[in-house]
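Everything below concerns the one structure shown next.
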2 protein chains.
Amino acid sequence: MRKNPIFQRETLGAAVLQVRSGRSTSRTTLARALGISPSTTGLYVDQLIADKYLNESGLNQGPMGRPRRILTTQADAGWFAGVEFNAQRIQAVGVDFSGGLKMSVELILPAEVLADQVIKSILSCVARLAATMEGPLLSVGLGVPGLVDAQAGVGLSYAFIPDWQQVPVVEKIGSTLNVPVILQNNLRAIALAERWFGRGHELNDYVILGPRSGFGIAMVQEGRLIEGARHAAGEVGRWPWQPSEGAESSQELHHALSAPATWRRLAGLGPRAKLPEDLRAGLAEVAGKEGAEWDAVCTDFARVVGCLQLILDTGVFILHGPLTVLGERFCHAITETACVQMPALRGTGLKVVPSTLGDNAGALGAASLAMEAWSPA
Amino acid sequence: MRKNPIFQRETLGAAVLQVRSGRSTSRTTLARALGISPSTTGLYVDQLIADKYLNESGLNQGPMGRPRRILTTQADAGWFAGVEFNAQRIQAVGVDFSGGLKMSVELILPAEVLADQVIKSILSCVARLAATMEGPLLSVGLGVPGLVDAQAGVGLSYAFIPDWQQVPVVEKIGSTLNVPVILQNNLRAIALAERWFGRGHELNDYVILGPRSGFGIAMVQEGRLIEGARHAAGEVGRWPWQPSEGAESSQELHHALSAPATWRRLAGLGPRAKLPEDLRAGLAEVAGKEGAEWDAVCTDFARVVGCLQLILDTGVFILHGPLTVLGERFCHAITETACVQMPALRGTGLKVVPSTLGDNAGALGAASLAMEAWSPA
DNA sequence: TGGGGTTTTTTCGCATTCGAATAAAAAGAC
DNA sequence: GTCTTTTTATTCGAATGCGAAAAAACCCCA
C-alpha cells in the first residue's frame, strides 16, 4: 500500500454516497460508478474503512466469479440533522450515517414568529436531537420555505414570516454548530427525500407536486434539481386559472388547488368556509366521495399535471402534502382524467402517485441535503 | 518539456471550446475554466499549438502585471458541417474551426419525401459544402425534427415524413462520412445556436420559443438542454387552449399560436384561410397592425410565456421562426402584456426578444452541436 | 481432486497532473 | 532609470491515479 496517500475529499464523499444509497456495493461497482480506476478505488475504500466510515459485511456471490466483498456504511460514524420549517412549526430529524431515520422532533412556533426566533428554535431542535443521537454531528440540512439562494446559503424571502428577508441562515447556524450547513427550498428538499427515502430511488426525472397553503412544484431532471435563474422555479401556483366548474372570475391556481381550497371544493363549501381543526382528517372524510365536485377537482389537477408533463416530459409526478390522504384513488383519477382530456399524453407514461413519506418529508429531505453534501474532514 | 505526454481527448476538446467561444483567452484563464492546474494547462496548450489547432495572436495587457498571451483557434484547422431539415427543405452550413460561418446551402425536398431520400440529400449537401470548405471535415451536427434520441443517435419519429421511425441517422451518415455525427432535435439545436452565434452568449438559462407549423420550445437550464425522460420535453403546442378572443371550442395551443395561425389571426382571417406564398412576407405586412386582433394574439403569447416563466424561472425567452419578422414591437408587447395580466411576473426579469439569427438558425445550431462534440483525434 | 472459466481485488511500475517556487513581462512610483 | 507591485507563464520535483498483469476467490465439470 502507499505510505500516506492524500485523497480527494469530494471523491471520498461521493464514494460514501454510492455505498449508502446501495447503488454500489463492491469496490468494482464503485469504481464504475465514480469513474475512477479499480486500483484507485481500492485505496479509497481502504482509507474509508480505516477511518471507520465504511466496513465490509460479508460476501455477495454473483452468478460466477470471485464474490464481491460487500461494502456498507458504518451506521455509528456520526449523524446528520435535517430541519424543515414553515410559519407554524419546525420539524427536525436525526439520521445515522447509514441513512437510517433515528429520531424525530417537532416544535410548534408561536404566531407571528420572527426570523431570529426561528433560527434559535432550529438550534434548540438540533440540540434536542444531539442529546440522543450517538457520534458526532456531521452536517445539517435545512429546508427553508420561500425563495432560497442555496449557493449563497441565504433565505431570500418568505411571505409568512415578515422579516424573513435576506437571512444568512448558513452563517448563523453554521457559526454556532461548527459543521457544514446546507440550504434548500423545502419543496426541493422533499424532492431529495423522495430519492433517499421514498419512490425516487431509481428515478432520474420526476416532479414533486406540493399543494399546501399554496401550490408549488419541485422538478428533478437527469438527477438534478431545477432551481431557476432566480431560485424561483416551480411557482405554478401563480398561474392564472379558471376552475373547471362554474365560470367564476379567473384567478390564480393556488386559489383553486391549494390544500385548503381542495378540501372546501370537495366538501362542497364556499371559498370562505372555515377550515377544520385538522385538515388531514377533514380530507380523509371526503376521500371516498364521488360526484361533480370530485370530478371537477380531479379535472383541475389533471390539467396542471398534463401541462407540466408536456413541457417537462418527466413521466412521474409524486403528490405530497395533506392531499396524500386522498390516496391512490385520487392520483389514479388524475392520471386517467389527464389522459382522457389531453390525448397528447397517451404513451408518455404519465403517472401520478402519492408519496409514501409522511409529514416529515421536508425534514427527511433536509437530512438528504446534509448527507449529499458531506465529505470526510 | 515532457517527452511524449499523452493528453485526455476530452480536456483537449474542452480547451478548444473555451478558446473558440472567447471565454478563455490565455493559459491562466483557461486553467481556471477547465479546473486544471496552470502547469498542466500550459502543456495542453503547447500540444494544441503544435498540432495547429490553436495559435498565439499577440498580447493582452490587463490593468497591471504580465500581459496575457492571447490564444485563438486556427481557423483553417478544419471545418464543421451543420445540417437541419424538415419535410420541406434541408439547410446546411459550413463553419470553420474558429466558428465562423463560411458557407450555406439549401435544398428543397420533393413533396412526400421518405427517410432514405432525406439521408441521401443530407449527404449530398455535405458533399457540396466539402467541395468549397478548406481543410478536413471534423464532425457533423444534425438538427432533426420530431422526437430524437440524441444519445443513441436515432431519429424516433416525425409526423411529416411517414417512414421517419427509428432511423439510425448517426450510423447511416457516420458510416459514409467517417466522422463523428451528433444528433439533436432541431429546436434544441437552435438553443445551442443561440449560445454560439446569437444572444445566448452570456446566458445560462433561457427558453427558445419556436412557433412554426406547430409550437415547441427548447429549454436551457444552467447551460444544459432539458430533454425529458422520453426526449419529448417542450411540447407546449399540445397544451389545451382557449384563445383569448371569442369563446370558441377549446383546442390545442398550436391551433391558435402556430406561425400560420398567428398570421391568419393578425390578418383577421378565418382558420381555413389560404396561406400566402411567403409566410414571412405576409407576416411583415401585418407587423405594424394595432387593434383587437393584435392584442388578442399578444395576450395569448403572453399567457404561454408567463406560465413558462413561472415554472422555469429562466428570465429570457428568445423568439424564433417566421414570427421574428414581427420584430421587437411584438416581443415587447408580449412582455408587457404578460406582466400586466400576471402580477406574479413583476420583478422576475421576464423578457421576450426576437432572435437575431436568420432562417438558418437550425443549421447553425447543428454546427454548434458538431463543434461542442469534437475533440482531437 | 484438479483444471478451466469468470469475476473481483490487489500489486506494482509508470507517467500524468499537481503545487510551489521561479522566471517573465509589464505598469507605476520615486 | 531602477525598484516595487502585480499578474501571467514556466520549471521541476513529488505523488496521485492509471493500466496491465497477477492474484484471489468461487463455480462448474470431469
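- Toward the 5′ end of DNA chain D lies the nearest nucleotide of A/Thr11, the other residue of the pair A/Gly62 and A/Thr11 mapping further downstream.
- Rounded to whole Å, atom C1' of D/dT16 lies 9 Å from atom CG of A/Leu43.
- Positionally, the nearest nucleotide of DNA chain C for A/Glu56 lies more toward the 5' end than for the other of A/Glu56 and B/Pro38.
- The aromatic rings of A/Tyr53 and A/Trp374 stand perpendicular to each other, their planes meeting at an angle above 60°, with 30° marking the opposite boundary.
- Here the shortest heavy-atom pairing between B/Thr73 and B/Ser98 reads OG1-OG, 2.9 Å.
- The interatomic distance linking A/Leu30 (CG) with C/dT10 (C1') rounds to 15 Å, in whole Å.
- Going from atom CG of B/Asp46 over to atom P of D/dA9 covers 11 Å, rounded to whole Å.
- Put simply, CD1 on B/Ile6 is 11 Å from C1' on D/dC18, counting in whole angstrom units.
- Smallest separation of non-hydrogen atoms from A/Met133 and A/Met103: SD-CB, 4.0 Å.
- B/Ala15 meets the side-chain contact (heavy atoms from CB on, under 4.5 Å) test with B/Leu30, B/Leu34, B/Leu48; sequence neighbours excluded.
- A salt bridge links A/Asp46 with A/Arg27: at least one charged nitrogen is closer than 4.0 Å to a carboxylate oxygen.
- Neither OP1 nor OP2 of D/dT7 sits under 4.0 Å from any side-chain N or O of B/Gln61.
- One interatomic measurement links the two molecules: CZ of B/Phe7 to P of C/dA15, which rounds to 14 Å at whole-angstrom precision.
- A side-chain N or O of B/Ser37 and one of B/Ser39 form a donor-acceptor pair less than 3.5 Å apart.
- In terms of phosphate contacts, A/Tyr44 brings a side-chain nitrogen or oxygen within less than 4.0 Å of OP1 or OP2 of D/dG17.
- Looking at B/Arg66, its side chain comes within 3.5 Å of the base of D/dT8 through a donor and an acceptor atom.
- If A/Pro67 and B/Arg69 are placed on DNA chain D by their nearest nucleotide, the residue sitting closer to the 5' end is B/Arg69.
- Atom CG in A/Leu59 sits about 9 Å away from atom P in C/dT9, given to the nearest Å.
- Distances shorter than 4.0 Å separate some side-chain N or O of A/Arg68 from OP1 or OP2 on C/dT8.
- Distances shorter than 4.0 Å separate some side-chain N or O of A/Arg27 from OP1 or OP2 on C/dT10.
- Heavy atoms of B/Thr40 sit under 4.0 angstrom from at least one base atom.
- Between A/Ser37 and D/dG17, a side-chain N or O to OP1/OP2 separation shorter than 4.0 Å is absent.
- Nucleic acid contact for B/Ser26: sugar-phosphate only, since backbone atoms but no base atoms lie under 4.0 Å from a heavy atom of the residue.
- In this model, the phosphate group of D/dT10 is not approached by any side-chain N or O of B/Ser39 to a distance below 4.0 Å at OP1 or OP2.
- Comparing B/Gly65 and A/Gly42 along DNA chain C, the residue whose closest nucleotide (by nearest heavy atom) sits nearer the 5' end is A/Gly42.
- Distance B/Ile36 CD1 to D/dG17 P: 15 Å, rounded to the nearest Å.
- For the pair A/Gln8 CD and C/dT17 P, the interatomic distance rounds to 13 Å; values are reported in whole Å.
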